Amino acid sequence: MAELELSFIPALYKPSSLLPIARHRQSLLYAVEQFPVLIVIGQTGSGKTTQLPQFLEEAGWSGNGKVIGVTQPRRVAAVTVATRVAEEMRCNVGEEVGYSIRFEDKTSAKTRIKFLTDGLLLREALMDPLLSRYSVIMVDEAHERSLSTDVLLGVLKKIKKKRPDLRIIVSSATLQAKEMASFFANEGDTDSECRIISIEGRAFPVDILYLERPAEDYVEKAVQVAFDVHKNEANGDILVFLSGREEIETAIQLLSEQAAEIHPKAQALLPVPLYAGLTTDEQMYVFEPAPDNTRKIVFSTNIAEASVTIDGIAYVIDAGFVKLRAYNPQTGIDTLTAVPVSKASATQRAGRAGRTKPGKCYRLYTEAAFSRLPESTVPEIQRSDLAPIVLQLKALGIDNIVRFNFITSPPSRLVTRALELLYSLGAVDDYAKLTKPLGTRMAELSLEPMMAKVLLSAPGFGCLSEILSIAAMTSLQGSVWFHHDGGRKAMPASRHKFAVDEGDHLTLLNVYQAFLTKGRKDSKWCRDNHLNHKSMLRAVSIRTQLKRYLERFGLSVDESLNSNGMQSKQGAAEKAKQIGKCLTAGYFAHAARMQPDGTFKSVSGGLTMHAHPTSLMFNRKADFVIFHEILETSNKIFIRDITKIERSWLLEYAPEYYKVKS
DNA sequence: GAGCACTGC
């Protein structure tokens, strides 16, 4: 029996030789041999991510202590691709093939191909500025133009000048290759520096259909079209792209009402929601095949465009909108608004219908409207708060941010705003140079600049242990509580249990400490308290990592103080005060004062803001406060993670910043 | 009085 099993080749290994990329093996290897930069254009299914690293390994590009590095924008991708390639190379993950993501390093001395997130590779550059461990670096999914991908490409271009032996491969699904090629060219001499190779994909054809006239309400239209498809088209699941949770819930409601009219013996319709705010378990429903005589219809945000792939989709309905975040350097506020998708996005969405068989894509807009869409989405680097990026680049020795070679330059106002903030935090000096040790340490911490400043100020306030926990908890970005299981009433009650008068930060600290004593090994305790167990475990990892950074800086963390200080009431109150002051030392630019009507006015600009409904301050009284995050949605400005402070603290810990107003 | 697209260190 055993022998017989061995004589079979598992199907998984076989298709690689059938993949389109196999025919390009020689030309790819030749190009890598001859040119410092190779740009590979290939659709999903071309095999570039899994096969190209293996070609390079077989051709001898790894060894002598050098590794082939392949970056991904997302953690899951790094893990799943590494697992797949390890299977194909018949080794365990962590041996010849490994991966490295935050909190998880599955590599060893044997590793020849290493998959990692692009953000992590940038971190490695802090320790090893020429990335000397790598013989080849392949930047995958470059067309997504994520913040770290763009920064990495700029850094690689700089490294290339000092390391002629390094080979850079940029892999992209769209035809922005020319832009990439001229980016890497030396003074316009593209031909000697860069080679472009296109690999055909293996997707099935997708028919595109447009509306004759624009739809008045695309949510209603989406439901109606889904129904028409269900009645008239052959088997195959439906994927509907909408812009957010609210639209998805409305659509599912509408569909369920109409589905009641379907004949009991006819094929049924099963609507399933998909958005990032759902827990992992809830997201898993979209992967389950529909029951017999039932068609599955997934209502999804942009998450299904690139991050999540669902099998069995034959029909895509594209409403044509996406919610994009954009940072306003004048006000310092992030806005989140629904905007029309780009052509590249619409194409990617349509492609989701042709993964297993030919499909159809119904666009809920006219062909004329499509032709007016922008070619591609504005890269993140042109619409983000750049303070973290500027800090990181400076730590990499890149001082002149304006002259740094970005593939697309950020607007100068974004750079100026970032420098102003870093200056006010003391991270850079009058000459925009990183200060020592404060600025260099802030850059090393995996925290936003304001929180990095808070953490590094904490020893002076005697609350380092507490701030470590608070920093870890705010890093979770709101995923601490879950609130979408229908239990909208139960959640506030269980949050009330942990509430601390001073505000959200101390409440988060309280949750963290309760988790350590009661919930760490007890996911039921978390569920009962509406806490996300996975997120809480993540907070523990983040805290451990931050603590290790501090120890490397020579700052010791005395964990025993934490419980002693909290024992008496006066002790607790004094500690809370110190934590409030410490938070003010980093978040003074995020200060506001509550108005008699319960809204807030920013101290610096007089903006009217509202406490987010998830904040303790949503229904409590306060005077001066600081907050972690500010976001504008549908013309209302919300602040989140709010803590009460005293006005005098602002003047004490940010005299420069507030001297005009005082 | 009432709500967050998606990633990453």
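Given the structure is predicted, the values throughout are model-derived calculations rather than measurements. The chains referred to below are lettered A, B, ... by the order of the sequence lines, with proteins before strands, and numbering in each begins at 1. These numbers come from the heavy atoms of this one structure, side chains and all, not from hydrogens, waters or symmetry mates.
The 5' end of DNA chain B is approached more closely, in terms of each residue's nearest nucleotide, by E246(A) than by the other of Y549(A) and E246(A). Along DNA chain B, the nucleotide nearest to S634(A) and the one nearest to G119(A) differ in position, and the one closer to the 5' end is contacted by S634(A).
In this structure, Q72(A) places its CD atom 16 Å from C1' of dC9(B), rounding to the nearest Å. Between the CG atom of D641(A) and the C1' atom of dC4(B) there is a distance of 13 Å, given to the nearest Å. For the pair I248(A) CD1 and dC6(B) P, the interatomic distance rounds to 8 Å; values are reported in whole Å. At whole-Å resolution of the value, CD in Q348(A) and C1' in dC6(B) are 14 Å apart. Rounded to an integer number of Å, the gap from R538(A) CZ to dT7(B) P is 12 Å. Taking atom CZ of F103(A) as the reference point, atom C1' of dG8(B) lies 11 Å away to the nearest angstrom. Atom P of nucleotide dC9(B) and atom CD of Q545(A) are separated by 9 Å, given to the nearest angstrom. Remark: P of dG8(B) and CG of L391(A) are 21 Å apart, rounded to the nearest angstrom.
Here dG3(B) is the nucleotide among dG3(B), dC6(B), dG8(B) with the atom lying nearest to any side-chain atom of H612(A). Distance from the side chain of I303(A) is smallest to dC6(B) among dC6(B), dG3(B), dG8(B).
In this structure, the aromatic ring of F618(A) is positioned over the six-membered ring of the base of dG1(B), centres within 5.5 Å and planes within 30°.
Across all strands, D118(A) comes closer than 4.0 Å to no nucleic acid atom at all (heavy-atom distances). Base engagement by L336(A) is indicated by at least one non-hydrogen atom pair under 4.0 Å involving a base atom. Residue contacts shown for T301(A) are limited to sugar-phosphate atoms, with no base heavy atom under 4.0 Å away. Residue-level contact check: S148(A) touches neither bases nor backbone, having no heavy atom under 4.0 Å from any strand.
Side-chain nitrogen and oxygen atoms of K636(A) include none within less than 4.0 Å of the OP1 or OP2 phosphate oxygen of dG1(B). Between dC9(B) and R75(A), a contact under 4.0 Å exists linking OP1 or OP2 to a side-chain N or O. For the OP1/OP2 pair of dC9(B) and a distance below 4.0 Å, the side-chain nitrogens and oxygens of S475(A) include no atom meeting the criterion.
For the residue pair S446(A) and R102(A), a side-chain donor N or O sits within less than 3.5 Å of a side-chain acceptor on the partner. Side chain to side chain, S479(A) and N532(A) fail the donor-acceptor criterion of an N or O pair below 3.5 Å.
For E380(A) and dG8(B), a side-chain-to-base donor-acceptor distance below 3.5 Å is absent, hydrogens and geometry of angles not being considered. With hydrogens and angles ignored, a donor-acceptor pair closer than 3.5 Å exists between the side chain of R640(A) and the base of dC4(B). A donor and an acceptor atom sit less than 3.5 Å apart, one in the side chain of E629(A) and one in the base of dC4(B). With hydrogens and angles ignored, no donor-acceptor pair closer than 3.5 Å exists between the side chain of R245(A) and the base of dC4(B).
For P340(A), the side chain to side chain contact (heavy atoms under 4.5 Å, CB included) test picks out F321(A), L373(A), with sequence neighbours left out.
For F103(A) against S541(A), the heavy-atom pair with the smallest separation is CE2-O, 3.5 Å.
The salt bridge (charged side-chain N to carboxylate O under 4.0 Å, His left out) contacts involving residues 622-632 of chain A comprise R325(A)-E629(A), R593(A)-D623(A), E629(A)-R640(A), where partners must be two or more places apart or lie in separate chains.
Counting heavy atoms from C-beta on, the side chains of L607(A) and I333(A) come closer than 4.5 Å.
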